[in-house]
Number of protein chains: 2
Amino acid sequence: MAERKPRKDAARNREAVLAAADALFARRGSPEDITMADVAAAAGVGKGTLFRAFGDRPGLLRALYEARLEPVREAVETGPPPLGPATPPRQRVPALLDAVLCFKLDNGRLALALEESGSGSPYQAEHYRRWHGLLRTVLEQIPGLTDGDFTAHALLAATRADLVAYLAGQERLPRERMRAELAQFTARVLGPDSPQGPTVEG
Amino acid sequence: MAERKPRKDAARNREAVLAAADALFARRGSPEDITMADVAAAAGVGKGTLFRAFGDRPGLLRALYEARLEPVREAVETGPPPLGPATPPRQRVPALLDAVLCFKLDNGRLALALEESGSGSPYQAEHYRRWHGLLRTVLEQIPGLTDGDFTAHALLAATRADLVAYLAGQERLPRERMRAELAQFTARVLGPDSPQGPTVEG
DNA sequence: TGCAAAGCGGACCCCGGGTCCGTATCGTCA
DNA sequence: TGACGATACGGACCCGGGGTCCGCTTTGCA
């Protein structure tokens, strides 16, 4: 079971590739005209190395994505409110969605590249299933909320990378504005506060 | 302005290609492993003809899509309620979304192929802008509904082709169930019926 | 019936993802 | 420290699909 540890040049190269790819996706315009050869060149390694380390294009993107997502994931799983698990559901749902939105706003090109580069639908992706599973669970803790499964999908759909990129890019919708709109939308979906007194929030 | 009419063999070939592509996309499994050469072969024409008639891959997909969408478009623009323009907004919004959903359920592979085959984000596509524009307009006729623009995007996002395909395919969510869930979701977004009695419109 | 113009089609090009294998590096054991 | 197997390197190479090009055919107008 213990993964045999990789040789240190391999490890170093892996990091070099991640860093180079990160930089490339951050700077360049369209994600899809960053070629694997580009990444290899920028990292100063051969294509062989790149493919051995990550398998294929989606593999590289996934690795990058997971790396960037790590902080958010931690904040969600073990952090303090409003993201962490101690938060009451009605506050946590919008917080989670806001976190996803912000993440996509900050990592637009990458998320886009990942969703595009296929390997089938994005819905198979492990990270999507994690978000969906969590959101669903939280939703189902809210009384009066049925079909948490579909609702989770629908809410997450509102934060799709290409939609976010389009709104921010072509429509010039400012960041804060978008966050506000999403929050409002979410609020409507969650419905009015529960009848027996509003979560007397401090 | 007057488009010089095409030679009749050209017209015939164009139809042949549309028909062949239609059939291919309907039958075959994954949209992305239908190649342009396949389509050309199935239609009994050369690749040159195909590309002259439709420009490029997205062009062909778009043409197919528009053709299939035509009946729906007509029902929406000039048809009777609940889709047509005479419908009161609160009924029309869910009807529109249901129509979109059903369309995607019936034309899954094609819609998928179109959204994937890129040419940038799907949000630039003319047909998306039409749906969004219409939905937005209708939404804004509902009192108490702000930010119709974002809401329209978010609602449409819940009917994205790949999501629908995923739910129908992997999750085995039955058609009617999905329609019901979407309807319920929509209802929550629209909020409770207006307080001063139902649509006292004169 | 003759003759442009419009259209045809498939050989061809390009480019990007992915592979292969001879060579260089690592790290271990003596 | 020297030597040798295992591991990794890297870029030449392959393959498949989108898109183009151009000599040949068909159309349709006079």
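Atom set for the values below is all heavy atoms of this structure, side chains included, hydrogens, waters and symmetry mates excluded. We name chains A, B, ... by the order of the sequence lines, and we start the count at 1 in each one. Since this is a predicted model, take the numbers as computed values, not measurements.
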Return yes if some donor-acceptor pair links the side-chain N/O of A:Arg188 with the main-chain N/O of B:Gly191 below 3.5 Å, else return no.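 Side chain of A:Arg188 to backbone of B:Gly191: no pair is present.
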Can you tell which of [options] lies closest to the side chain of [X]?
X: A:Asp9; options: C:dG9, D:dC9, D:dG11; value: D:dC9
X: A:Thr49; options: D:dG10, D:dG11, C:dG10; value: D:dG10
X: A:Phe51; options: C:dG17, C:dG7, D:dG10; value: C:dG17
X: A:Val45; options: D:dG10, D:dA8, D:dG19; value: D:dG10
X: A:Arg7; options: D:dG10, D:dG28, D:dT7; value: D:dT7

At under 4.0 Å, does any side-chain N or O of A:Lys8 touch on OP1 or OP2 of C:dG27? yes
Think A:Asn13 has a side-chain N or O under 4.0 angstrom from the OP1 or OP2 of D:dA8? no
In whole angstrom, give the distance that lies between atom [atom1] of [X] and atom [atom2] of [N].
X: B:Arg57; N: C:dC15; atom1: CZ; atom2: C1'; value: 17 Å
X: A:Arg12; N: C:dC26; atom1: CZ; atom2: P; value: 7 Å
X: B:Lys47; N: C:dC13; atom1: NZ; atom2: P; value: 13 Å
X: A:Leu61; N: C:dG17; atom1: CG; atom2: P; value: 10 Å
X: A:Ile34; N: C:dG17; atom1: CD1; atom2: P; value: 11 Å
X: B:Asp33; N: D:dG18; atom1: CG; atom2: P; value: 11 Å

Taking the six-membered ring for Trp, are A:His153 and A:His132 parallel (under 30°), tilted (30 to 60°) or perpendicular (over 60°)?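 Parallel: the ring planes of A:His153 and A:His132 meet at under 30°.
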For the residue pair A:Tyr123 and B:Tyr166, does the interplanar ring angle fall in the parallel (under 30°), tilted (30 to 60°) or perpendicular (over 60°) class?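 A:Tyr123 vs B:Tyr166 ring planes: parallel.
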Are B:Arg109 and B:Ser30 close enough that a side-chain donor and a side-chain acceptor fall under 3.5 Å? no
Nearest heavy atom decides the nucleotide; on that basis, is A:Arg14 or B:Arg52 closer to the 5' end of DNA chain D? A:Arg14
Once you apply a heavy-atom cut-off of 4.0 Å, does B:Thr35 come out as touching a base, just sugar-phosphate, or nothing? sugar-phosphate
Are the charged groups of B:Arg14 and B:Asp9 less than 4.0 angstrom apart, N to O?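 So B:Arg14 does not pair with B:Asp9 through a salt bridge.
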